[in-house]
Amino acid sequence: MTNSITPHKKTKVITKKLLAIAFWILLWQVAYTAVAQEILIVSPVQVITRLFELVRLPEFWLSTLLSISRIMLGYLIAVVVGVLLAVLTTKISFFYDLFYPVLSLIKAMPVASFIILALVWIGRDNVPMFISFLMVLPIVWSNVSAGINGVDKGLLEVAKVFEFSSAKTVLKVYVPSVLPMFLSACTTGLGFAWKAGISAEVISVPEYSIGTQLYHAKIYIETQDLFAWTLVVVLLSVLIEKMVVYLISKFDGRRTS
Amino acid sequence: MIKLENLSKSFEDNFVIDNLNVDFLDNSITCVLSASGAGKTTMLRIISGLEKDYLGKVIGAGKVSVTFQEDRLFDWLTALQNIEIVSDSKTAKKLLEQMGLSAQADKYPNQLSGGMRRRISLARSLAVQSDTLILDEPLKGLDVALKQSVYSLILDYSKGKTVIMTTHDVIDAVNIADRILYFSANGFKIEKDIAFEIPPKQRDEKIINKYMEQIME
């Protein structure tokens, strides 16, 4: 089956989306006019103007790039470690018993507790990376574990009868079976990593980061900056997610026939 | 030749197979008939090496190839890739053509009909060079119109192998089997052991009817 949309329908969909966005921006403008206090709320135009000022500053790019690289590094490490842990804990019950409580604890503990603890343990520059790692790890671990446990036993018997090598069984049976759950963990984890990472930056205040900029905007009561930086976080979140989804669709293309 | 010696298998104190002794000859297709749930699949799983927990001996199975009762195709591979995963590309393409599925080579299993999937599953087991070929209801769900060509394919690819096949349809058995073993539902005992003298490809309608009567007796 194909999901082809006619150009006419496509324009209609885009128009609907744009109208919805226009409605909320308009409401924002109305709220701004009604409140009329720039400490509480600034106008959409002011935010965009401020954003254009910010992008001219080298500090903007330094903060943004360092935030992205820290959070994405934590994310990538979590993806790798999560997969390794999933393999280990599904195949050797000793490791499952050993790691299960830790992962449950990570899932249950509030992010703020971790951020403050990490601040004490590892110093402010590495906290966002660590937090992004901790957010993504249990998601990847549990999804990939479920994927491995859910591999069709009948197909494993096929692999056995036709004498697949261990490597071939992993590549041709396990990987394709687990891939959908792994990819969904990657997409879900990304949003968590990004938001928790920025929160960690606000609390840990590394020298250059988006979170630090948000923190400064707060203490100097620069509402215009607060809105502009928030917009940056949202835009980057959308952009990074679109990029990851695009990469995944390329990677997973052969399945969507 | 495959020799089963004093073979027993129980599930929770219930002996599905109770002290079975039987030989399956080389270069011969043995068709196993019995009531469903009697122990056919269990015996085939033991010979395939998938069931380890049994009493007695299995001798001489060698390299085994299997058509499982379920198709067990890889959803993420095309029809052709599903065969290529066990053989070279040339054999896979040839088999797909012989099964009349060349046009479906690049289709995925979920885009194919039940009968097509069955033929791919069968083709996969025929593509492998093996000593023993196990066919657990290989013709399940196949169109009657297709059966003759599939019979002759099974016969061609069975040469030199020890073939053990199950079926629910006696017509399949009289068309391709060299020998028929009828098992009892209770304890999986051999009730009938009939060897057909005339090779499958030389049987005309008269002989097939005669063999049918022999089984039905």
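These figures come from a predicted structure and were not determined experimentally.
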Counting only non-hydrogen atoms closer than 4.5 Å, does B:Leu73 touch chain A with its backbone (N, CA, C, O), its side chain (CB onward), both, or neither?
backbone

For B:Val64, is there any backbone N or O sitting under 3.5 Å from a side-chain donor or acceptor partner on B:Ser130?
no

Identify which part of A:Lys160 has an atom lying under 4.5 Å from any heavy atom of chain B, answering side chain, backbone, both or neither.
side chain

Does B:Lys9 count as lying over the ring of B:Phe11, i.e. NZ or CZ under 6.0 Å from the six-ring centre, within 45 degrees of the axis?
yes

With a 4.5 angstrom heavy-atom cut-off, which part of B:Arg124 approaches chain A: side chain, backbone, both or neither?
both

Side chain, backbone, both or neither: which part of B:Lys63 has a non-hydrogen atom closer than 4.5 Å to chain A?
side chain

Distance, nearest 0.5 Å, that separates OG1 of B:Thr167 from CE of B:Met165
5.0 Å

Does any non-hydrogen side-chain atom of A:Met72 lie less than 4.5 Å from one of A:Ile240?
yes

